[in-house]
Amino acid sequence: MKNYFSKNKDTLITLGIVAFAYVIIEIMVKQGAISSLFKGLLVPLCAYVILAVSLNLTVGILGELSLGHAGFMCIGAFTSAFFSKLTVGVINPDWLRFVFAILIGFVFAGLFGFLIGMPVLRLKGDYLAIVTLAFGEIIKNLMNVLYVGRDSKGLHVSIKDAVSLGLEDDGQILINGAQGITGTPKDSTFTAGFILIMISLIIILNFIKSREGRAVMAIRDNVIAAESVGINVTRYKLLAFSLSAALAGVAGVLYSHNLNSLMATTKNFGYNMSIMILVFVVLGGIGSIRGSVISAVILTLLPELLRGLSTYRMLIYAIVLIAMMLFNWAPSARAFRARIIAKLPFGAKKALNEEV
Amino acid sequence: MALINTLLEVDHLSISFGGLRAVDDLNLSIKKGELYGLIGPNGAGKTTAFNLLTGVYKPNEGIIRLDGRNITGLRTIDINKAGIARTFQNIRLFKDLTVLDNVKVGLHNLYHYSTLAAILRLPSYRKVERQMDERAYELLEVFGLKESALLKASQLPYGKQRKLEIARALATNPKLLLLDEPAAGMNPQETKELMETITFIRDKFHLTVLLIEHDMKLVAGICERLTVLNFGRVLAEGPTSEVLKNPEVITAYLGE
Ligand SMILES: Nc1ncnc2c1ncn2[C@@H]1O[C@H](COP(=O)(O)OP(=O)(O)OP(=O)(O)O)[C@@H](O)[C@H]1O
Ligand SMILES: [Mg+2]
């Protein structure tokens with residue numbers, strides 16, 4: 001048991017931090033100590049955390065740059081919202097339907113990750129960035145022209161307009177082009193978000209510490225050496241990238257089941273979002289899963305906390321961004337931290353050294 | 001019948017880069033259990049020969065047989081599975097992984113459990129990981145790296161990094177081990193220990209070793225036979241003592 005704890009210390013610390021934060025926030029919510037605006041932010045916050053840790057799997061663990069992570073979130077959001085709308089009242093109870101919705105978001109986003117990764121990850125060179133960037137934009141735009149309706153004859157699809165679906169009188173529009181999906185059941189809660197964060201963390205952290213995770217990091221560190229010891233490079237790149245995409249899909253499910261009307265805009269599923277997640281990952285420390293969690297939380301909540309200071313809000317935000325970057329990456333800051341760590345007792349030293 | 005004792009058989013192997021024939025009509029025949037040296041001046045084509053043997057480059061001509069099996073043109077990973085492992089002249093470790101994990105990556109294809117078993121930490125995961133740890137520590141011990149197991153590979157001093165590369169290659173359980181200048185950058189004391197280690201692992205793991213080396217003391221000390229390359233071509237081959245007395249070989253080395 002003691003051995004078990006010491007071997008999994010980093011994972012347990014990371015999970016502990018998240019659980020602790022969850023309990024504190026829950027208590028504050030129960031006591032009414034949190035503004036409604038803040039409360040509304042909790043589910044998206046959970047989605048951002050999942051997005052950040054899953055992107056770190058691609059960027060930090062696999063060592064590939066993805067600029068279209070929001071595209072996979074978009075796939076997860078729309079496929080699951082569509083599913084929930086279709087099955088509301090059919091699958092009971094609601095939580096079971098939500099579990100299926102999560103699986104659907106996971107599978108479809110992962111499938112797209114696989115399909116995109118398959119040709120691109122075979123190439124030597126940084127093609128993934130450009131292809132994922134294009135993918136994110138294409139998916140977002142596609143969602144803006146997609147119409148799907150249902151009537152007694154079944155499903156109808158069009159990419160022109162709602163009229164060309166040719167629905168009968170009893171027909172119902174499920175996906176309405178730029179207006180997206182309205183009336184998705186509001187299954188997402190802060191608790192659901194918390195559970196999904198924990199599951200995502202367990203998946204990623206346990207994956208990293210497995211033989212396949214080691215293969216992925218070996219590829220990141222040296223492709224030629226990895227091949228020389230028999231590691232199938234394409235296979236493990238694909239595995240890590242698909243898993244990363246699938247978890248972004250889960251974030252999308254959480255996000256879409258928190259909204260009355262789901263639309264694909266530049267802000268939520270476009271380039272802006274992808275870059276924002278990348279900023280979380282970079283500032284939290286590339287390859288540091290715990291860092292991604294913390295930076296996603298700070299950088300999401302900060303603008304809201306600073307709302308009172310209206311004019312200075314963005315200024316302070318920028319200063320915090322720069323400070324975090326300096327703290328995490330500047331050589332002198334790293335040396336300083338190394339000196340501090342060297343003074344700690346051995347156990348703590350190891351925990352910090354090996355933190356992933 | 002001679003073939004049965006031959007592990008590596010290379011026939012008329014050639015590759016050109018543009019107009020440069022980096023390896024030109026190389027023939028090699030290495031017996032099982034042999035400690036064989038590949039030497040030659042800088043740019044002679046030694047590393048390129050290793051890259052051909054391990055499938056990093058595909059030859060323009062020629063055939064490579066390992067234990068009677070034609071492995072010409074196979075992918076690097078399949079050649080490793082067939083039984084060839086190597087180290088690199090310019091060290092290529094997984095620098096952000098621990099020393100232990102570097103070796104465990106080498107064990108990758110010999111131990112298995114499913115992705116799901118890893119994520120759910122099923123008993124199969126724990127059992128196999130424990131076996132991998134045991135095996136990896138055994139290998140690290142051979143190279144005196146056990147105490148450094150939890151350091152990052154990049155934190156090791158140069159000499160130990162070279163040893164770790166050998167340990168990682170050995171982890172794949174090869175029949176043939178290719179060492180590209182294993183003593184480069186080592187002091188005489190370290191080189192001497194390395195020579196002992198190479199002979200030791202050859203016997204312990206029933207290996208055949210083909211090594212590239214500039215340190216003539218090491219070559220004369222442990223290699224049973226040699227092939228000398230010069231401008232991509234074989235200049236001389238045979239038992240070490242004879243080859244090193246060959247006037248052409250001496251001129252090639254002094255001439256550079
Ligand atoms: N990928 C490549 N493209 C073009 N030329 C190459 C390539 N690889 C090797 N060469 C050339 O082939 C020749 C042989 O190089 P190689 O690295 O095999 O020499 P070497 O015998 O290992 O030398 P050293 O003792 O310096 O390591 C050199 O002239 C080198 O420039
Ligand atoms: Mg060389």
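Below, chain A is the first sequence line, B the second, and so on; all start at residue 1. The figures that follow rest on heavy atoms only: side chains count, while hydrogens, waters and symmetry mates do not.
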Could you check if a side-chain atom of [X] sits within less than 4.5 angstrom of a side-chain atom of [Y], using non-hydrogen atoms only?
{"X": "Lys209(A)", "Y": "Tyr125(B)", "answer": "yes"}
{"X": "Lys104(B)", "Y": "Arg214(A)", "answer": "yes"}
{"X": "Arg121(B)", "Y": "Asn8(A)", "answer": "yes"}
{"X": "Phe88(B)", "Y": "Ile224(A)", "answer": "yes"}
{"X": "Arg220(A)", "Y": "Asp96(B)", "answer": "yes"}
{"X": "Val229(A)", "Y": "His108(B)", "answer": "no"}

Check your understanding: Only one of Ile231(A), Asn222(A), Ile219(A) clears side chain to side chain contact (heavy atoms under 4.5 Å, CB included) with Val105(B); which?
Key -> Ile231(A)

Practice item. State which residue, out of Ile119(B), Thr115(B), Leu120(B), fulfils the side chain to side chain contact (heavy atoms under 4.5 Å, CB included) condition with Ile203(A). Key: Ile119(B)

Distance, nearest 0.5 Å, that separates [atom1] of [X] from [atom2] of [Y]:
{"X": "Ser114(B)", "Y": "Arg211(A)", "atom1": "OG", "atom2": "CZ", "result": "10.0 Å"}
{"X": "Arg75(B)", "Y": "Asn232(A)", "atom1": "CZ", "atom2": "CG", "result": "5.5 Å"}
{"X": "Thr234(A)", "Y": "Ile77(B)", "atom1": "OG1", "atom2": "CD1", "result": "8.0 Å"}

At their closest point, which heavy atom of [X] faces which heavy atom of [Y], and how far apart are they?
{"X": "Met217(A)", "Y": "Leu97(B)", "value": "CB-CD2, 3.7 Å"}
{"X": "Ser228(A)", "Y": "Arg86(B)", "value": "CB-CG, 4.2 Å"}
{"X": "Ala225(A)", "Y": "Arg92(B)", "value": "CB-O, 3.3 Å"}

Heavy-atom neighbours of [X] [atom1] exceed 12 at 6.0 Å:
{"X": "Phe205(B)", "atom1": "CZ", "value": "yes"}
{"X": "Phe50(B)", "atom1": "CZ", "value": "yes"}
{"X": "Lys127(B)", "atom1": "NZ", "value": "no"}
{"X": "Phe17(B)", "atom1": "CZ", "value": "yes"}

Point to revise | Region of Leu107(B) that comes under 4.5 Å of a non-hydrogen atom in chain A | key: neither

Review point. In terms of heavy-atom proximity below 4.5 Å to chain A, should Tyr113(B) be classed as side chain, backbone, both, or neither?
Key: both

Review point. Of all the residues in residues 158-173 of chain B, which have a heavy atom that comes within less than 4.5 Å of a heavy atom in chain A?
Key: Arg168(B), Thr172(B)

